[in-house]
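First comes the structure, then the notes that go with it.
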Amino acid sequence: VQLQASGGGLVQPGGSLRLSCTTSGLRLGDYAIGWFRQVPGKGREGVSCISSAGGSIYYANSVKGRFTISKDNAKNTAYLQMNSLKPEDTAVYYCAAQEIAYGSSCTDGGYGMDYWGKGTQVTVSS
């Protein structure tokens, strides 16, 4: 199983980015996907999670109304659309997968997620 996050970069405050999480070796329709972020010296934070069928979605309070999570099971790819970016969104972003439901993983820093990809750096700066 492999997950690969991509789409990060440098963006000005107020700008947008779309992160992609490309998966292989698993059937994405059977897995929940989570996006997490981490800055040096701080613990990993759950940003957003979506259940396998898409019926349950979590957003951290800090990103509600600005970020949108989605998944395209046919393409085995999940996305995180990030709008109205702020400097405090600067972090390395990771995607992770857990079979069926994300449970408490999104609020526990990703504890319990089965598979992780390498991160992609997002920098919000003028």
Side-chain angles (χ1 to χ4, degrees):
V1 175
Q2 290 189 329
L3 284 75
Q4 179 64 56
S6 62
L10 173 64
V11 63
Q12 291 187 341
S16 298
L17 284 173
R18 188 176 81 155
L19 304 184
S20 298
C21 177
T22 304
T23 70
S24 62
L26 57 77
R27 185 172 176 274
L28 189 58
D30 293 335
Y31 283 80
I33 291 292
W35 286 96
F36 301 84
R37 64 187 181 188
Q38 190 166 23
V39 297
K42 289 191 175 182
R44 192 166 53 204
E45 175 192 14
V47 176
S48 182
C49 292
I50 185 168
S51 61
S52 58
S56 178
I57 291 177
Y58 165 88
Y59 292 104
N61 287 335
S62 58
V63 307
K64 275 182 184 176
R66 301 188 296 122
F67 290 11
T68 303
I69 191 171
S70 62
K71 62 200 297 270
D72 186 332
N73 294 332
K75 293 183 178 179
N76 275 340
T77 302
Y79 305 95
L80 184 68
Q81 178 67 42
M82 306 188 296
N83 299 330
S84 302
L85 283 161
K86 304 175 181 179
E88 50 264 44
D89 294 319
T90 296
V92 178
Y93 284 71
Y94 302 87
C95 61
Q98 184 172 359
E99 196 164 7
I100 304 299
Y102 52 84
S104 60
S105 297
C106 222
T107 54
D108 287 348
Y111 179 79
M113 299 300 281
D114 297 320
Y115 304 105
W116 290 84
K118 293 183 180 179
T120 185
Q121 175 71 46
V122 172
T123 303
V124 184
S125 174
S126 56

Worked verdict on Tyr31 versus Tyr115 for side-chain contact (heavy atoms from CB on, under 4.5 Å): CA-CA 10 Å; Tyr31 283 80; Tyr115 304 105; 3.9 Å; yes
side-chain contact (heavy atoms from CB on, under 4.5 Å) between Ser20 and Lys75, intermediate numbers included: CA-CA 11 Å; Ser20 298; Lys75 293 183 178 179; over 6 Å; no
Enclosure of Gln121 CD (heavy-atom neighbours >12, cutoff 6.0 Å): yes
Ser105 side chain vs Tyr111 backbone, donor-acceptor pair below 3.5 Å: yes
Verdict with supporting geometry, Lys71 and Leu28, side-chain contact (heavy atoms from CB on, under 4.5 Å): CA-CA 8 Å; Lys71 62 200 297 270; Leu28 189 58; 4.0 Å; yes
Residue pair Met82 / Val63, side-chain heavy-atom distance below 4.5 Å: no
Which atom of Ala91 lies closest to which atom of Val39, heavy atoms considered: CB-CG1, 3.6 Å
Non-hydrogen atoms of Ser52 and Gly29 that approach each other most closely: CB-O, 3.4 Å
Hphob cluster co-occupancy, Tyr59 + Tyr79, side-chain heavy atoms under 4.5 angstrom: no
Pairwise distance OG1(Thr22) to CD(Gln2) - rounded to 0.5 angstrom: 11.0 Å
pair Glu45-Ser62: side-chain heavy atoms closer than 4.5 Å: yes
Arg44 side-chain N/O to Gln38 backbone N/O, donor-acceptor pair under 3.5 Å: no
Approximate separation, where rounding is to 0.5 Å, of Asp114 CG and Leu26 CG: 9.5 Å
From Val92, Leu80, Leu19, residue fulfilling side chain to side chain contact (heavy atoms under 4.5 Å, CB included) relative to Val122: Leu19
Exam field: side chain Thr90 to backbone Thr123, donor-acceptor pair closer than 3.5 Å: no
Shortest non-hydrogen contact from Cys21 toward Trp35: CB-CZ2, 3.5 Å
Ring-ring centroid check Trp116 Phe36, cutoff 6.0 Å: yes
Step-by-step side-chain contact (heavy atoms from CB on, under 4.5 Å) determination, Ile50 to Tyr102: CA-CA 7 Å; Ile50 185 168; Tyr102 52 84; 5.6 Å; no
Met113 versus Gln98, closest heavy-atom pair with distance: SD-OE1, 3.1 Å
CD1-OG1 distance between Ile57 and Thr68, expressed to the nearest 0.5 angstrom: 8.5 Å
Between CD1 on residue Ile100 and OG on residue Ser56, distance to nearest 0.5 Å: 12.5 Å
Partner of Pro87 under side chain to side chain contact (heavy atoms under 4.5 Å, CB included), chosen from Ser125, Ser126, Pro13: Pro13
Pair Ser16-Asn83, side-chain hydrogen bond (donor to acceptor under 3.5 Å, both in side chains): steps then yes or no: CA-CA 4 Å; Ser16 298; Asn83 299 330; 2.9 Å; yes
Validation row: Val47, Ile69 side chains within 4.5 angstrom (heavy atoms): no
N/O donor-acceptor pair under 3.5 Å between Ser48 side chain and Tyr58 backbone: yes
